[in-house]
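Written below as structure tokens is the structure these notes are about.
The structure displayed is predicted, hence computed values, not measured ones. Lettering follows sequence order; numbering is per chain, from 1.
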2 protein chains.
Amino acid sequence: MEKQRVSDAVIRRLPRYYRQLSQLEREGVLRISSGQLSRLMSLTASQIRHDLNCFGGFGQQGYGYSVKGLKSAIADILELGQQKHMIIIGAGNIGQALACYEGFPREGFYVHAIFDNNPRLIGKTVGRLQVSDIQELESYLAAEKVNIAVVATPGEFAQQTADRLTACGVRAIWNFAPIDVAAPNNVVVENVSLSDSLYALSYFMNQLDEQA
Amino acid sequence: MEKQRVSDAVIRRLPRYYRQLSQLEREGVLRISSGQLSRLMSLTASQIRHDLNCFGGFGQQGYGYSVKGLKSAIADILELGQQKHMIIIGAGNIGQALACYEGFPREGFYVHAIFDNNPRLIGKTVGRLQVSDIQELESYLAAEKVNIAVVATPGEFAQQTADRLTACGVRAIWNFAPIDVAAPNNVVVENVSLSDSLYALSYFMNQLDEQA
DNA sequence: TAGATTGTTAATCGATTAACAATC
DNA sequence: TAGATTGTTAATCGATTAACAATC
């Protein structure tokens with residue numbers, strides 16, 4: 001009996017569950033039912049149980065879920081326990097912000113280097129790092145194991161940067177440039193596009209105004 | 001005949017269409033068929049035609065779509081022509097990066113102020129702005145029309161910040177704090193959570209490795 | 001006109017929700 | 001045991017895809 005592939009929609013809810021459970025843990029909550037969780041997260045209880053049962057039965061009938069237990073089960077699914085090594089290409093606004101963000105190392109995502117092609121930025125200190133010359137990218141990748149590369153270049157350099165990364169064996173790209181980046185099948189790409197999110201928000205806001 | 005409500009999934013593809021068409025326009029492409037566009041965007045031609053026809057018939061049989069015409073039709077739907085006034089709460093890494101990002105004003109989204117509660121940051125220059133004291137938030141909002149407020153505070157302040165904003169009549173919140181923020185029904189909230197995106201990418205990467 | 005491609009309806013597929021037996 | 005709540009299957013709903021008539 002082959003385990004059925006879990007849908008993307010479910011996977012993308014897992015981080016939300018994880019965050020909510022972390023929050024509950026901080027608040028000292030020990031156990032929670034799918035019904036209570038559904039109200040906190042604006043989902044249905046049915047969906048929560050259905051989602052979790054894609055991976056296993058983490059609850060207990062008549063009791064609910066242990067906050068701690070469920071949180072660590074989800075951490076296991078997402079493999080948050082394992083250290084992930086990251087580099088950032090592009091030391092502009094976004095690149096620097098991501099390099100300095102403290103939330104990532106807290107969950108095992110470490111930024112080890114940040115590259116740029118701008119001589120004025122090369123050598124500059126960003127958080128605990130110094131900006132490296134982009135020309136050293138290939139030699140760096142030959143020497144160091146990198147799990148995830150962040151593309152934070154201007155749009156016009158995003159695709160060529162992704163190409164250089166995949167040529168060096170990088171298997172996961174987190175792309176913040178305002179251009180969707182393509183890569184071979186054996187590479188995972190997450191195109192973030194902050195402006196898409198902003199445009200959608202703006203559209204929904206306009207809709208609301210028109211109703212009123 | 002009441003026009004049927006357009007689904008979220010369609011709305012969230014519009015910015016992607018818009019970006020792709022902008023790219024094609026830069027490349028000097030004048031016309032494009034749904035088939036060609038589908039290959040560029042990894043969608044089906046059918047879906048593209050279906051999506052666009054939620055808003056109107058922008059194409060021409062036997063010809064396809066005018067790149068320029070379709071781009072401006074989508075800009076109209078998203079109301080990108082209208083200026084949007086934004087403020088940012090939280091002048092940390094993310095807040096500063098967003099304040100400085102040049103892509104937003106290019107599409108009519110202007111950041112007019114950035115607030116923080118940290119005395120060391122208040123008064124500091126960020127891009128063309130100076131960081132204001134968060135205590136001035138209410139008086140600022142009483143005096144100025146703000147369409148969208150960006151929450152870029154630490155998680156523990158996100159909800160109370162959102163509450164202050166909605167109390168002052170802000171109708172759209174773009175939240176970057178790692179906590180989903182709640183608001184009344186007449187307020188639109190977009191919870192971004194960059195770490196969710198990173199965790200999902202990391203999961204898909206692990207999946208790929210396990211296959212190989 | 002012939003060829004191409006849209007607009008639009010119907011068919012399919014997958015995700016969400018409902019229901020309830022299992023069980024703590 | 002009785003009450004609560006899960007795990008899991010079936011029903012529903014909505015989104016995507018296929019098909020093709022309309023038409024440029």
- Task: Counting Watson-Crick and G-U wobble pairs only, both distances under 3.5 Å, name the nucleotide matched with dA22(C), or none.
- Result: dT5(D)
- Would one find a side-chain N or O of R13(B) under 4.0 angstrom from OP1 or OP2 of dA15(D)? no
- Task: Tell me, yes or no, whether the heavy-atom count around R106(B) atom CZ, taken from other residues, nucleotides or ligands under 6.0 Å, exceeds 12.
- Result: no
- Nucleotide opposite dC13(D) in a Watson-Crick or G-U pair, distances under 3.5 Å: dG14(C)
Quick test: give all pairs of protein nitrogen or oxygen and nucleotides 9-13 of chain C nitrogen or oxygen below 3.5 Å, distance rounded to 0.1 Å.
none

- Message: Return the CD to NE2 distance between Q47(A) and H50(A), rounded to the nearest 0.5 Å.
- Response: 9.0 Å
- Task: Return the value, rounded to whole Å, for the distance between atom CG of D8(B) and atom C1' of dA15(D).
- Result: 12 Å
- Item | T44(A) vs dT16(C): side-chain N/O to OP1/OP2 distance below 4.0 Å | no
- Message: Under 6.0 Å from the ring centre and within 45 degrees of the ring axis: does the NZ or CZ of R31(B) meet both conditions for the six-membered ring of Y63(B)?
- Response: yes
- Message: If the threshold is 4.0 Å, N to carboxylate O, is there a salt bridge linking E107(B) and K71(B)?
- Response: no
- Using whole Å, report how far CD1 of I11(A) lies from P of dA15(C). 11 Å
- Query: Quick one: M41(A) CE to dT17(C) P, roughly how many Å, whole number?
  - Reply: 13 Å
- Using 4.0 Å as the upper bound for N to carboxylate O, is an ion pair formed by D196(B) and R19(A)? yes
Polar atom pairs between nucleotides 3-7 of chain D and protein, under 3.5 Å, N or O only, would you list them?
unit_1	atom_1	unit_2	atom_2	d
dT5(D)	O4'	G62(A)	N	3.0
dT5(D)	O2	G62(A)	N	3.3
dT6(D)	OP1	S34(A)	N	2.6
dT6(D)	OP2	S34(A)	OG	2.6
dG7(D)	OP1	F58(A)	N	3.2
dG7(D)	OP1	G59(A)	N	2.9
dG7(D)	OP1	G59(A)	O	3.3
dG7(D)	OP2	N53(A)	OD1	3.3
dG7(D)	OP2	Y65(A)	OH	2.9
dG7(D)	N7	R49(A)	NE	3.0
dG7(D)	O6	R49(A)	NE	3.3
dG7(D)	O6	R49(A)	NH2	2.8

- Message: Measure CD1/I48(A) against C1'/dT16(C) and give the value in whole Å, please.
- Response: 13 Å
- Task: Report the relative orientation of the aromatic rings in H85(A) and H112(A); use parallel for angles under 30°, tilted for 30 to 60°, perpendicular for over 60°.
- Result: tilted
- Item | Nearest atoms (heavy-atom pairs only) where V181(A) meets V189(A) | O-CG1, 3.8 Å
- Item | Flag if over 12 foreign heavy atoms under 6.0 Å of CG, L40(B) | yes
- Item | Interatomic distance where CD belongs to Q47(A) and P belongs to dA19(C) [whole Å] | 17 Å
- Kindly say whether L198(A) contributes a backbone atom to a donor-acceptor pair with the side chain of S202(A) at under 3.5 angstrom? no
